[in-house]
Amino acid sequence: MSQNMMSTHADSPQHASFCLNRKAAVLVAACCAAIFLTYSLKYYTDKREGLQVQALYVPGTLNSGPPTKPATFAKVIKAATQKPGTFQTRVEDLKSSGEAKSAESSQLLRPPSTAHQQDQDEAASSASWSSVYDEEDEAEEAEVETEEKTAPKPQGDWKRRLPQVIIIGIKKGGTRALLTFLNAHPQVVISGKEVHFFDRKYDKGIEWYRKAMPYSYDNQLTIEKTPSYFVTQQVPQRIYRMAPGTKFLLVVREPVARAVSDHAQSLSKGKTTPFEEKAMLDERRCAVDRSWSAIRIGLYSLHLTNWLRYFPRSQFLFVSGENLVANPGQEMEKVQDFLGIQRTLTEKSFVMDETKGFPCLREDQGSVKCLGKNKGRSHKPVDPQIRACLAKFYQPYNEKFYNMTGINFHWEDRET
Ligand SMILES: Nc1ncnc2c1ncn2[C@@H]1O[C@H](COP(=O)(O)OS(=O)(=O)O)[C@@H](OP(=O)(O)O)[C@H]1O
């Protein structure tokens, strides 16, 4: 009888529905747990990399460091537009292009490609990019005083800030000259040493990077230069994750002259192989050795392709290395306009060192400051036939670069 009752109860619709509900509840709980675990894992990964906060930091705001906790996009826009002393931010551009929004999901970043597929393939095939820039090819540090050009006042808004502007290259383009000139501007503070955060020291975390920056006031821009960034594949994505509104200065120079300058640096460090031998696989066939880093760095269109996957062209200023020597005042006016700072540096700020043929800075007290002896070296002349081979080799890459930047640098018309 009781067995009868039990079986009747177990078969009852209430019991069936009870079991169903229980199964559903277990399923929902399992799903919740899985989602929770996934997000926790992601959160801690982000936090470790120091990116959680940085992804939403729009560095166009001169006077605000990154928010201390993740903010909504609307808040960032408000902060960027409300604070006084901002330079022309790309906040509105970011808003319309949806870049900043996509930054909210920084881990999923895959900005739409703007580059030609063939370029991308070739760019992607440079799996050895990180090694394009060998340690032994290290750009040279120069004797530039860095911090505290303004008397340090450790109060209020005197603090270390992440850079809003980065000179990403190119090696031997005149990056040290550009940084030195910018350092003379009262609205700029620089990190004199090459920081190499995004290519070599990324695992040290974003706070390490911030501490590597000089102190600055609200109305000053922090600028660092590391020329290897331009040719290192992971760098654009990492900077995008830190601050998608970062502005970039790229000093470019005719690629054969750049390679010769690069090689001159190696010679100064005791290397002896002649340039011609390094550059050519087979002289008779005019076959260039593109695996040599000094050659490879000059393929500007390939490297830029990688950057344009993450940043619009408007965030770059392409500085002519040649014009920075010939007309520094004119080139620096463009730079200051791009950065949204006053045109303090003009033609009058420079004086030509006639012996070396390079411009030096005229300082307030009437003295003149030139770059160190490692800059503006004399170069051995290159065999004209080999120079012609190299010029021919670079020509299609140069043309592509002109198209990408919208600037014709006329390198093919140059003698050197
Ligand atoms: N004002 C001034 N003074 C001296 N040198 C100048 C200047 N402006 C540009 N240049 C050119 O800068 C070249 C060095 O480039 P970088 O500073 O980018 O080199 S590095 O990548 O940091 O090693 C350097 O290359 P070399 O001529 O081979 O020495 C110069 O051609």
Side-chain angles (χ1 to χ4, degrees), residues 132-144 146 166-184 190-196 199-200 223-232 235 248-269 271 275 278 293-294 296-298 300 303 317-332 334-335 345 347 349-363 368-382 409 411 414-416:
V132 159
Y133 209 88
D134 304 332
E135 293 269 343
E136 63 176 35
D137 293 334
E138 179 70 60
E140 286 159 325
E141 299 288 352
E143 332 65 43
V144 168
T146 60
I166 305 180
I167 300 174
I168 52 175
I170 55 163
K171 183 190 178 195
K172 294 292 149 196
T175 55
R176 178 58 62 185
L178 178 60
L179 190 72
T180 307
F181 298 163
L182 280 169
N183 193 35
I190 64 157
S191 164
K193 282 203 177 298
E194 290 180 8
V195 187
H196 286 283
D199 59 341
R200 297 191 196 147
I223 305 184
E224 75 125 319
K225 84 124 178 158
T226 304
S228 51
Y229 286 165
F230 185 55
V231 296
T232 307
V235 171
F248 303 107
L249 296 170
L250 184 70
V251 196
V252 288
R253 179 178 180 187
E254 192 279 311
V256 184
R258 195 220 71 80
V260 172
S261 168
D262 210 333
H263 181 253
Q265 180 181 319
S266 313
L267 293 179
S268 77
K269 289 183 179 167
K271 300 272 166 67
F275 178 83
K278 294 283 272 178
S293 65
R296 199 147 182 78
I297 291 171
Y300 306 146
H303 305 304
L317 182 73
F318 303 96
V319 178
S320 160
E322 287 86 9
N323 207 37
L324 192 63
V325 175
N327 294 300
Q330 189 186 65
E331 211 56 29
M332 289 311 293
K334 285 186 218 160
V335 173
L345 298 161
E347 211 186 315
S349 315
F350 300 95
V351 57
M352 191 56 97
D353 174 347
E354 297 298 346
T355 324
K356 269 183 122 178
F358 287 99
C360 305
L361 266 173
R362 210 192 288 275
E363 293 185 310
V368 167
K369 182 179 163 189
C370 301
L371 267 66
K373 61 177 175 5
N374 289 341
K375 306 289 171 179
R377 293 188 174 102
S378 53
H379 304 148
K380 275 194 182 157
V382 174
F409 290 93
W411 288 324
R414 296 188 69 85
E415 284 287 298
T416 52

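Indexing begins at 1, ligand by ligand and atom by atom, following the structure's order.
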Can you name the atoms of ligand 1, numbered from 1 with element, that are less than 4.0 Å from a heavy atom of Ala177? 7 (C), 8 (N), 9 (C)
Proximal ligand 1 atoms for Val325, defined as those under 4.0 Å from one of its heavy atoms: 8 (N), 9 (C)
Going by an N to O cut-off under 4.0 Å, is there a salt bridge joining Glu194 and Lys225? yes
Counting both backbone and side chain atoms, is some N or O of [X] under 3.5 Å from an N or O of ligand 1?
{"X": "Leu324", "result": "no"}
{"X": "Phe358", "result": "no"}
{"X": "Gly174", "result": "yes"}

Any Ala264 heavy atom less than 4.0 Å from ligand 1: no
Answer yes or no for Lys356: is there a heavy-atom contact with ligand 1 below 4.0 Å? no
Which atom of [X] lies closest to which atom of [Y], heavy atoms considered:
{"X": "Cys370", "Y": "Asp353", "answer": "SG-OD2, 4.2 Å"}
{"X": "Ser268", "Y": "Gln265", "answer": "OG-O, 2.6 Å"}
{"X": "Glu331", "Y": "Phe318", "answer": "OE2-O, 4.4 Å"}

The one among Lys225, Arg176, Lys171 that brings a heavy atom closest to atom 22 (O) of ligand 1: Lys225
